[in-house]
Each structure stands twice: as C-alpha cells, then as structure tokens.
Amino acid sequence: PLCENPDLKGVLPPDFVQGYASASYQIEGGHDTDGRLPSVWDITLRAQGLETGDEAVDSYHLWREDVRLLKEYGCNAYRFSVSWSRVRPLGGKDDPVNEKGIGYYNNLIDALLEANITPYITLFHWDLPQPLQDRYKGFRAANKAAIIEDFVSYAELLFERFGDRVKNWITLNEPFVYVILDAVVLNSECDFDNDPFTVAHNQILVHAHTVDLYRRKFQPTQGGRIGITLNIDWVVPIDESQEAKDAADLAVAMALGWVGGERVKGELSSILKKRYPQLPDFTPDEWKIVKGSSDFFGLNHYGTKWATGKIVERGQVSGFQFFGAGVEQVAEKDGVPIGRRGHNGHPYTVPWGFRQLLNHVHKQYAGPNGLGIIITENGFAIQDEADRTLEQIVDDKERQEYYDLYITELCQAHKEGIKMEGYLGWSLLDNLEWNQGYAPRFGVTHVDRANGFKRTPKDSTKVLKAIWQHTIKSDK
Ligand code: GBH
C-alpha cells in the first residue's frame with residue numbers, strides 16, 4: 001500500500017491541502033427552514049417523484065458533528081458549497097438577503113477555523129434558486145446580463161460576508177456537467193442545437209465576471225484566491241484506429257476545452273469549432289476577463305472509458321454520451337473491464353487514466369500558466385444493499401483500494417514535476433446523489449437516515465489519514 005511505499009514518503013509539501021468535499025443540496029436538508037426557498041433541484045426532484053434533499057443528511061443541524069469528523073480524520077481543508085436559496089432565497093440582485101442563512105455559514109466557517117480546517121467555498125454547486133429559472137430560465141437566459149448580474153451580486157454578498165475568513169473560492173462546480181443536467185434533467189424541453197451552447201457560454205461569463213470582481217474589489221485586501229472546478233472523465237482510444245483516436249480527442253475537448261480550456265488559453269478549441277460551428281465566441285472585452293480567470297486548476301475526476309470510434313446519433317445515447325460529442329464510450333471490451341468494476345453504472349477504478357489526465361491537464365493548461373492542480377473531488381461509490389450490515393459497510397475495501405491507487409498516481413505525478421496542490425475526496429458523508437437518490441454511497445462516513453442521521457466513519461478514513469501522514473512532508 002501507498003502508506004508503506006518508501007519511494008513516496010514525504011513527496012508532498014507540508015502545505016499540501018487534504019480533506020473532503022460536499023455540496024449544499026446533497027447534505028444540508030432543512031429545505032424550508034429559516035427562510036430557505038426552493039432551488040431547481042427541490043422542484044425538479046419533487047415533480048419527478050424522486051427522492052429529494054428535503055432532509056438530505058441534515059447537515060443544516062448536524063454541522064458541528066461534521067466538523068468534528070473532519071478533525072478526527074486529520075483533514076486540513078473542507079470544500080463545501082453555499083446554497084444560494086438559503087442566503088438570498090429569491091435569487092435576484094435586488095432581492096432580500098436572508099440573515100439566518102448567512103448565519104448558518106458563519107457558524108460553519110468559524111467552527112472549521114477553530115479546528116484548523118481551511119474552508120474552500122464553492123459558490124454554485126448546481127442549486128440555482130427556482131425563481132431565477134422561472135424569471136429568465138436561469139443559465140439559459142437569452143439576456144445574458146440577467147444571470148451575470150444576479151450571480152455576481154450573489155458572489156459579492158459572499159465575499160463581503162465571509163471573505164475576511166475564507167481565502168479559497170470556487171465559482172462553479174463542473175459547468176460542463178451542469179450543461180447536461182440543464183438539458184436532460186432540469187428541463188423537459190431542450191433545443192439541443194442551441195440551449196447547451198447558451199448554458200455553457202453564460203456559465204463561463206458568470207465565472208469570468210465573478211473573478212474580475214473579486215480581483216478588483218476583494219483580493220487586494222482579503223488576499224484570497226479564486227478558481228473554478230471542472231469535471232473530466234478521461235477517454236482513451238480502444239484500439240489503434242484513427243476513428244477511435246479522433247473520437248477520444250473529441251470527447252476530451254468537449255469536457256475540458258469547452259468550458260475550461262478557453263479560460264486558460266484565451267481561445268476556443270479548434271476541434272470543437274470544427275464540430276460545432278454554432279459555438280458562440282466571446283467579444284474582445286469578454287476575452288479580457290475570460291482569459292487567465294483562475295488562480296488554480298480545480299479538477300474533479302472519477303473514471304476512464306474507451307472510445308470505440310463509433311459516432312452515435314442523438315436519441316440513441318444518454319445525455320453524457322451526447323455531450324461526449326456523440327462518441328460511443330464503453331467500459332468493457334469482450335467482457336474484460338477497463339478496471340475494477342464500478343457499482344451500478346458508477347465509474348470503474350482506472351488509476352492509469354487519472355495519471356494520463358494529470359499529464360494532459362498539466363501539459364495543455366496548468367503548466368504553461370504556472371497553475372497548480374487541486375483535485376476538488378475524487379471517490380468511489382458503493383451501492384446500498386438492504387442486507388448489508390454496518391460492519392460490512394464500514395469495511396469499504398473497494399473504496400480503500402480506489403483511494404490508495406489514485407493517490408499513488410497523484411504522488412508520482414507530483415514527484416515527476418506536476419504541481420499538485422491538494423486533494424479533496426468525494427465525499428465526507430453519504431448523501432443525495434442527485435436524481436439517483438441515496439442508494440449510491442460515495443461517503444467516507446456512513447449516514448443512517450432512519451436513525452437520526454447517525455454518522456459512522458468507514459475504514460477508508462483511516463487509510464487516507466495514514467496516506468497523508470506518510471506522503472506529506474512534515475514541517476517540524
Ligand atoms: C460530481 O459529478 C458532482 O460534483 C457531485 O455532486 C456528485 O455527487 C459526484 O460527482 C458523484 O457522482 O463512468 O467513467 O464514464 C460527477 C459527474 C459524470 C462523473 C459522469 C462520472 C461518468 C464516469 N460525473 N461520470 S465513467
């Protein structure tokens with residue numbers, strides 16, 4: 001195991017960021033408590049008759065316990081997101097601030113700092129206030145000024161209220177994935193030739209304007225840093241054919257080059273422009289704030305698949321595949337899996353894919369711009385099954401193996417010169433996996449929703465603790 005690997009002892013710097021991540025709608029509950037109003041997820045999940053985050057895992061009440069767990073696990077950082085619907089329930093720039101909502105996050109931030117845990121705040125982890133969806137279709141807004149002004153005003157509120165203590169900000173979680181969700185989950189109708197491009201474009205503008213505001217108005221005095229988090233599932237060609245190679249390149253460009261690459265490089269991806277002539281460009285003034293709009297490279301990563309080279313027509317593919325540009329992706333070839341099988345459609349364990357991705361991101365985006373990479377999510381889901389005992393759940397071998405192998409790749413990459421600044425596992429707690437409900441469990445802490453949301457640490461927390469003790473150089 002990594003925690004005994006002599007080659008990787010002390011390879012990470014003393015200030016390496018390590019801990020876990022979460023997101024407001026997935027953990028908080030308290031959906032109508034203290035003035036919170038519905039987000040798009042409350043409305044969508046209820047309308048579809050699915051499990052909701054009404055109570056989630058009750059972190060709105062159990063946050064002290066969450067902080068205690070983070071401390072017990074030896075974390076020096078925690079990434080969580082703010083529920084816009086809690087702090088400004090109606091969403092818009094002229095709508096009232098909900099002081100009780102602000103108070104919740106103030107308490108959480110103070111408790112984290114007290115425990116020597118650095119807060120990383122995600123401003124937007126997909127839970128848009130429903131009133132903004134109703135007013136102008138949220139990120140699909142034809143009038144982009146509306147969503148930009150409302151978002152930037154919301155961001156300003158958080159910088160003003162929390163920025164004295166919070167020094168690490170992530171504007172958006174996985175804009176590419178939100179494009180897909182907007183198209184296939186949140187809305188029943190989607191004009192696939194236009195809407196996804198609008199949602200992606202508006203998200204990048206919202207991000208850029210928020211960073212611009214932070215840099216002008218807050219960074220000089222508060223001294224923090226700001227970035228964005230992208231999700232990239234790595235895709236590799238299944239064989240030597242040109243078709244498979246092109247398909248893999250296209251799928252990667254879609255996830256990375258569309259809502260992230262231009263930000264760093266200052267130009268639209270040529271692969272994408274060729275495939276999607278309707279891809280909107282930015283104006284010269286917009287480019288000025290889009291280019292270079294990140295102080296670090298936030299990366300969520302779960303799995304790797306093979307591209308077969310087959311291009312499939314829309315209608316025959318799921319949302320994720322469609323936005324892999326219609327590129328067919330498979331995890332098994334003649335019955336042989338690409339890595340240890342994931343549960344119920346969740347990612348397989350493919351550590352070498354993670355390594356290739358890190359090399360790619362470093363070479364193409366982070367390295368040339370001097371940006372360090374922070375893994376803002378990485379983890380393994382185990383499906384809940386009725387007959388499993390708590391003892392079996394705590395003994396989460398597959399997850400332990402996943403973490404061990406993936407962090408080994410991270411350490412090796414760092415040793416070979418890729419600047420790795422941090423790693424936040426997904427997730428601190430079992431939680432609501434969006435429209436898939438509570439059955440996929442990504443948590444390193446078991447949550448018993450039938451018994452007062454009782455939290456029980458799983459064994460992977462010990463594995464990670466031992467890994468960090470071994471790999472992070474002590475500054476004493
Ligand atoms: C993240 O999204 C979210 O930020 C988080 O809220 C969520 O709970 C977490 O992941 C766990 O799902 O099968 O190898 O092709 C992740 C978006 C897109 C990542 C689909 C995995 C499939 C990988 N996911 N992707 S693979």
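We count residues from 1, following the sequence as given. When a ligand or atom number is given, it counts from 1 through the structure's own listing order.
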Of Phe162, Tyr60, Phe80, which is the lone residue that meets ring-ring contact (aromatic ring centres under 6.0 Å, His included) with Tyr104?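 Only match with Tyr104 under ring-ring contact (aromatic ring centres under 6.0 Å, His included): Tyr60.
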I'd like the name of whichever of Glu433, His301, Gln436 reaches closest to atom 8 (O) of ligand 1 through any heavy atom.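 Considering heavy atoms of Glu433, His301, Gln436, the nearest to atom 8 (O) of ligand 1 sits in Glu433.
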Measure from atom 25 (N) of ligand 1 to every heavy atom in Val177, Asn378, Asp233 and give the option owning the shortest one.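 Considering heavy atoms of Val177, Asn378, Asp233, the nearest to atom 25 (N) of ligand 1 sits in Asp233.
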Any N or O of [X] that comes nearer than 3.5 Å to an N or O of ligand 1?
| X | result |
| --- | --- |
| Lys305 | yes |
| Asn231 | no |
| Gln329 | no |
| Trp426 | yes |
| Asn431 | no |

Given that the side chain starts at C-beta and the backbone is N, CA, C, O, which of these parts of [X] lies under 4.0 Å from ligand 1, counting heavy atoms, or is it both or neither?
| X | result |
| --- | --- |
| Asn173 | side chain |
| Ala23 | neither |
| Tyr348 | neither |

Arg340 side chain to Tyr402 backbone, donor-acceptor under 3.5 Å: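 Not a single qualifying donor-acceptor pair exists.
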Using heavy atoms and a 4.0 Å limit, tell me yes or no: is Trp126 in contact with ligand 1?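 It does; at least one heavy atom falls under 4.0 Å.
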Is it true that His125 lies under 4.0 Å from ligand 1, counting heavy atoms only?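 Distance cut 4.0 Å: His125 passes for ligand 1.
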Is it the case that the ring center of [Y] lies less than 6.0 angstrom away from the ring center of [X]?
| X | Y | answer |
| --- | --- | --- |
| Phe151 | His209 | no |
| Phe442 | Phe380 | no |
| Tyr178 | Phe124 | yes |
| Tyr120 | Trp169 | no |

Sort out for me which residue in Lys454, Arg449, Lys458, Arg455 forms a salt bridge (charged side-chain N to carboxylate O under 4.0 Å, His left out) with Asp430.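 Going through Lys454, Arg449, Lys458, Arg455 one by one, the salt bridge (charged side-chain N to carboxylate O under 4.0 Å, His left out) with Asp430 is satisfied by Lys458 alone.
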Numbered atoms of ligand 1 (with element) below 4.0 Å of Glu377, judged on heavy atoms: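 In order of numbering, the contacting atoms are 1 (C), 3 (C), 4 (O), 5 (C), 9 (C), 10 (O).
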For Thr304, counting its heavy atoms only, list the atoms of ligand 1 lying under 4.0 Å from any of them.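 Once the distances to Thr304 are compared, the set is 14 (O).
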Does a side chain donor of either Asn173 or Asn300 reach within less than 3.5 Å of an acceptor in the other side chain?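 Indeed, the side chains of Asn173 and Asn300 share at least one donor-acceptor pair under 3.5 Å.
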Find out whether Tyr78 and Val67 are in side-chain contact, i.e. whether some heavy atom of one side chain is under 4.5 Å from a heavy atom of the other.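 Side chain of Tyr78 against side chain of Val67, heavy atoms only: no contact under 4.5 Å found.
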